[in-house]
Amino acid sequence: MNDAGVRKAAFDWLANEARWRDDVLPREVLAQGFRYGGQRVPLVGPQGIFKPRLLDLPLSITTIPNGPYDDGFSEDGRLSYRYRGNDPRHGDNIGLRTAMHQRIPLIYFHRLVPGKYLAAWPVFIVDDDPSRHTFTVEVDDAHLANWSGESQGAVISDGVAQARRSYITTTVRQRIHQRAFRERVLRAYREQCAFCRLRYEELLDAAHIIPDGEPDGEPVVTNGLALCKLHHAAFDRHFLAIRPDYVIEVRRDILLEEDGPMLLHGLKGMHETRITVPRPTRDHPNREFLERRYEQFRALEISMRG
Ligand SMILES: [Zn+2]
């Protein structure tokens with residue numbers, strides 16, 4: 001079997017799917033896979049290490065994280081991947097070890113929320129630790145990676161390539177966190193804008209209440225709001241704010257403005273309305289965080305009045 005040909009076709013197919021699905025891949029699409037030489041090639045299976053019938057070695061590995069912070073990534077830009085079970089000689093573990101020795105590129109899937117995955121490829125198994133029952137994985141650049149199997153030693157010892165893989169792996173981790181935050185927030189808000197209830201997922205964002213990068217700016221649902229593009233930008237730029245009692249206040253100068261229907265209905269119409277919150281109380285926006293934002297809004301409003 002043309003192993004390299006199947007992998008190349010899998011990467012091309014994934015690139016296309018990820019592009020038009022904005023990186024978030026439904027499980028059923030991956031389980032269905034694509035066709036190669038008349039045969040169906042699924043990309044995932046019931047186990048974390050997956051080998052389609054068409055290949056002798058695994059094609060993909062999948063992580064289902066236990067929580068937002070237990071993602072398997074380390075600070076030095078590597079990813080730990082647990083053996084299947086505790087037997088280092090289980091067929092799946094041998095498959096990954098062989099892929100490591102032959103420098104076979106694999107696909108990495110990370111579950112964002114149940115049923116939705118983010119993919120990274122090519123990934124390489126770069127280390128094997130039988131005492132911890134763990135492989136070490138790195139993501140590489142599809143255009144720069146040398147996976148021909150030739151000059152292996154040179155590739156592995158190359159410090160530049162090592163730094164590149166570490167950087168790309170860290171980038172993938174950030175992308176996973178961003179996308180997982182978005183999926184969790186949108187799901188909690190039942191895919192609708194908390195302000196205007198717009199339901200087009202393509203027009204929705206997961207907004208942070210305390211911005212990403214600030215203390216408390218964590219990617220958790222209670223620090224998030226599902227907002228349409230207009231309301232996300234308006235919220236970020238303090239055109240309006242949410243009081244800790246979940247009621248929207250539009251900035252005074254905007255309330256006094258006269259303009260077309262978007263201003264009238266889209267912004268001014270939000271004044272004194274209550275936001276839509278998720279059903280479970282534990283997912284409701286953090287009132288203390290809202291209060292901090294609201295104080296910034298009030299300070300700006302007062303300064304604008306001079
Ligand atoms: Zn909206």
Side-chain angles (χ1 to χ4, degrees), residues 20-24 26 68 112-116 118 175 177-214 216-302 304:
W20 80 270
R21 294 177 191 276
D22 204 16
D23 272 353
V24 179
L112 301 171
V113 290
K116 290 188 174 181
L118 186 137
R175 205 149 46 89
H177 284 195
Q178 285 161 3
R179 285 295 192 279
F181 176 64
R182 181 178 191 276
E183 292 303 315
R184 285 197 300 268
V185 170
L186 262 53
R187 201 161 275 204
Y189 283 79
R190 301 184 298 283
E191 282 88 23
Q192 57 180 348
C193 175
F195 290 3
C196 68
R197 300 195 297 279
L198 187 74
R199 283 181 180 279
Y200 291 99
E201 214 184 316
E202 298 90 332
L203 300 180
L204 296 178
D205 288 334
H208 285 79
I209 300 172
I210 302 293
D212 190 20
E214 284 184 21
D216 293 326
E218 289 174 7
V220 293
V221 171
T222 51
N223 186 38
L225 294 162
L227 294 178
C228 69
K229 302 279 180 188
L230 172 70
H231 289 135
H232 185 187
F235 180 66
D236 278 355
R237 305 304 295 266
H238 299 296
F239 278 49
L240 38 69
I242 309 167
R243 295 197 312 245
D245 62 357
Y246 298 151
V247 171
I248 299 168
E249 255 185 54
V250 176
R251 215 171 62 206
R252 192 161 298 270
D253 62 299
I254 293 175
L255 283 176
L256 295 173
E257 191 84 23
E258 297 279 352
D259 196 18
M262 187 57 99
L263 178 74
L264 183 64
H265 302 290
L267 292 176
K268 290 165 74 171
M270 296 293 118
H271 189 57
E272 295 293 344
T273 61
R274 200 170 187 280
I275 63 166
T276 306
V277 294
R279 286 201 183 103
T281 316
R282 64 167 191 280
D283 287 342
H284 286 190
N286 184 314
R287 291 175 194 269
E288 190 205 316
F289 292 174
L290 287 176
E291 188 159 10
R292 270 195 250 167
R293 282 285 292 239
Y294 181 68
E295 279 164 13
Q296 293 173 4
F297 167 81
R298 286 290 295 156
L300 175 72
E301 199 179 42
I302 289 163
M304 287 180 80

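As the structure is a computational prediction, the values presented were derived from the model and not from experiment. All ligand and atom numbering here is 1-based and tracks the order in the structure.
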Decide, yes or no, whether a salt bridge links E295 with R298 under the criterion of side-chain N to carboxylate O below 4.0 Å. no
On a heavy-atom basis, the closest approach of L204 and L198 is CD2-O, 3.7 Å
Hey, is the main chain of P26 close enough, under 3.5 Å, to the side chain of R21 for a donor-acceptor pair? no
So which N/O/S atom does H231 have closest to the Zn ion (ligand 1)? ND1
Does a sphere of radius 6.0 Å around CD in E258 hold more than 12 heavy atoms from other residues, nucleotides or ligands, not counting ones at 6.0 Å or beyond? no
Quick check on the Zn ion (ligand 1): does H232 put an N/O/S atom closer than 2.8 Å to it? no
How large, to 10°, is the angle at the Zn ion (ligand 1) when you draw lines to SG on C193 and to SG on C196? 100°
